[in-house]
Amino acid sequence: MTLPALPRIRISPINQRRWRNFKANRRGYWSLWVFCALFFLSLFAEFIANDRPFLVIYKGGFYTPIFVDYPETTFDGEFETATDYRDPYVRALIADAGGQMFWPPIRYSYRTINLNLPVPAPAPPSGENWLGTDDQGRDVVARLIYGFRISVLFGLTLTILSSVIGVAAGAVQGYFGGWTDLLFQRFIEIWTSIPTLYLLIIIAAIIEPNFWILLGILLLFSWVALVGVVRAEFLRARNFEYVNAARALGLGSGKIMFRHLLPNAMVATLTFMPFILNSSITTLTALDFLGFGLPPGSPSLGELLAQGKANLQAPWLGLTGFFAIATMLSLLIFIGEAVRDAFDPRKVLR
């Protein structure tokens, strides 16, 4: 009995050419791999930097403290509170019973305070804290890993949502034109004149902003980034012959916009998306640096920069934040340049 052959994935010649153009930009190509590797590792930050072991073997049982909060009585302790696995008493209980604890490479989470520092915080880099601690005694490497993850996730979420709204708004403007386009343009001019930073300051004075509140506020103003590009593509192509033919055959406006016009507009959209992601991450970093971003205590690259500014006697704080943000944004810029080359019809490989 022969198994049926798997269907082959066919890539159109134009997409093959775009991929070759993207790979030809070696700086952008390798930047994509480096950025994806860093982001993939940061998704498993709890397994890299945590103040809890990811596996405990105790009296023949297997426990995963990284996922479950076990009370201290689980390990024959005295209290019903959550177990502090860094406590020498708890470690002695597990060791005396022949148990084992398997720790992440960095035994600190982003909120863990090192109470055994040999010098007052912020402490310089050491074998215990590879990049030192901040002014509250928290490990800088752990906060850097978690801060990188939340920055990229925030930027990706904001970029995707704002792109969807911006593409839809620009498509409606460009396809229908006339009064729809005119009124929408006047609305965008008024909407973009609202100062975003002042609005954030007012909201931060009323409620404590968090991830989703910040995302919603910035989404209100970031969706206009792609409207002009998509609108121009739809205005240019809405009277092409194949669009008029589809309209004459009775195809609805929605199908014409989605099937025939949107692929042309997606070229410009995909070209701008890495730069929009860069801008989203920069906005969150700036808000955290000014104190209007994520709640206090959250892992943040902007907060790390603010600590470096406030503690000039601890240069490792400012340098760590600077090189982390510079590296991340540089990788995104290089990826954006490679994407721009990939979708450039004038770019031909010899």
Student: Taking the side chain as every heavy atom from C-beta outward, state whether Val119 and Pro124 have any atom pair closer than 4.5 Å.
Tutor: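 A side-chain contact exists here, since the closest heavy-atom pair is under 4.5 Å.
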Student: Side-chain donor-acceptor pair under 3.5 Å between Asn114 and Asp139, yes or no?
Tutor: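 Side-chain D/A pair, Asn114 to Asp139: absent.
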Student: Does the ring center of Phe234 lie less than 6.0 Å from the ring center of Tyr175?
Tutor: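 Phe234 vs Tyr175: aromatic centres not under 6.0 Å.
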Student: Between Arg52 and Glu46, does any side-chain N to carboxylate O distance fall below 4.0 Å?
Tutor: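 Salt bridge between Arg52 and Glu46, a charged N being under 4.0 Å from a carboxylate O: no.
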Student: Using a strict cut-off of less than 4.0 Å between a Lys/Arg side-chain nitrogen and an Asp/Glu carboxylate oxygen, indicate whether Lys59 and Asp76 qualify as a salt bridge.
Tutor: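 The answer is yes: the pair qualifies as a salt bridge.
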Student: Counting only heavy atoms from other residues, nucleotides and ligands, does the tally under 6.0 Å from CZ of Phe272 exceed 12?
Tutor: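 Atom CZ in Phe272 is not packed in, count stays at 12 or less.
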Student: Would you say that Glu72 contacts Val90 through its side chain, given a criterion of any heavy-atom pair below 4.5 Å between the two side chains?
Tutor: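 Yes. Closest side-chain heavy atoms under 4.5 Å.
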Student: Taking the side chain as every heavy atom from C-beta outward, state whether Ile194 and Phe221 have any atom pair closer than 4.5 Å.
Tutor: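 A side-chain contact exists here, since the closest heavy-atom pair is under 4.5 Å.
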Student: Should we count CH2 of Trp30 as having more than 12 external heavy atoms under 6.0 Å?
Tutor: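 No, not enclosed.
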Student: Contact between Gln173 and Ile188 at the side-chain level, heavy atoms closer than 4.5 Å - yes or no?
Tutor: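 Gln173 vs Ile188: side chains touch.
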Student: Answer yes or no: does atom CH2 of Trp19 have more than 12 heavy-atom neighbours from other residues, nucleotides or ligands under 6.0 Å?
Tutor: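 Counting other residues, nucleotides and ligands, CH2 of Trp19 exceeds 12 neighbours.
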Student: Could you walk me through whether Arg138 and Glu303 pass the salt bridge (Lys or Arg N to Asp or Glu O under 4.0 Å) check?
Tutor: CA-CA 13 Å; Arg138 299 171 298 190; Glu303 192 261 350; 3.5 Å; yes
Student: Around atom CZ of Phe187, are there more than 12 heavy atoms from other residues, nucleotides or ligands closer than 6.0 Å?
Tutor: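 Yes.
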Student: Considering only heavy atoms from C-beta outward, does the side chain of Asp288 approach that of Leu301 to under 4.5 Å?
Tutor: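 No, side chains not in contact.
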Student: Would the Phe39 and Phe148 ring centres measure less than 6.0 Å apart?
Tutor: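 For Phe39 and Phe148, the ring centres are not under 6.0 Å apart.
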Student: Is Asp51 salt-bridged to Arg107, cutoff N-O under 4.0 Å?
Tutor: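 No, Asp51 and Arg107 are not salt-bridged.
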Student: Take the angle between the ring planes of Tyr146 and Tyr110 and call it parallel below 30°, perpendicular above 60°, tilted in between.
Tutor: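 Aromatic pair Tyr146/Tyr110 classed tilted.
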Student: Just wondering, more than 12 heavy atoms not from Phe322 lying within 6.0 Å of its CZ?
Tutor: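 Counting neighbours around CZ of Phe322, 12 or fewer heavy atoms of other residues, nucleotides or ligands fall under 6.0 Å, so no.
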Student: What do you reckon, is CZ of Phe102 surrounded by more than 12 foreign heavy atoms closer than 6.0 Å?
Tutor: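 Count over threshold, so yes.
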Student: Given the ring of Tyr108, does Arg86 sit roughly above its face, with NZ or CZ under 6.0 Å from the centre of the six-membered ring and within 45° of the axis?
Tutor: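 The answer is yes, since Arg86 meets both limits relative to Tyr108.
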Student: Closest heavy-atom contact between Ser280 and Thr159?
Tutor: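 Heavy-atom minimum between the residues: OG-OG1, 3.6 Å.
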Student: As a test of understanding, state which of Thr283, Thr282, Ile281 forms a side chain to side chain contact (heavy atoms under 4.5 Å, CB included) with Ser279.
Tutor: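 Of Thr283, Thr282, Ile281, side chain to side chain contact (heavy atoms under 4.5 Å, CB included) with Ser279 is met by Thr283 alone.
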Student: In the structure I gave you, are the side-chain heavy atoms of Leu214 and Asn210 within less than 4.5 Å of one another anywhere?
Tutor: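 A side-chain contact under 4.5 Å is absent here.
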Student: May I ask you to decide whether Glu337 forms a salt bridge with Arg27, counting only side-chain N to carboxylate O separations under 4.0 Å?
Tutor: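 Answer for the salt bridge query: yes.
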Student: Do Tyr58 and Val68 belong together in a cluster built from hydrophobic side chains that touch within less than 4.5 Å?
Tutor: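 Same hydrophobic cluster.
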Student: Salt bridge or not between Lys23 and Asp341? Use side-chain N to carboxylate O under 4.0 Å.
Tutor: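 Judged by the 4.0 Å cut-off on N to carboxylate O distance, Lys23 and Asp341 do not form a salt bridge.
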Student: Compare all side-chain heavy atoms of Trp130 with those of Val141 and state whether any distance is below 4.5 angstrom.
Tutor: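 Result yes, sub-4.5 Å side-chain heavy-atom pair found.
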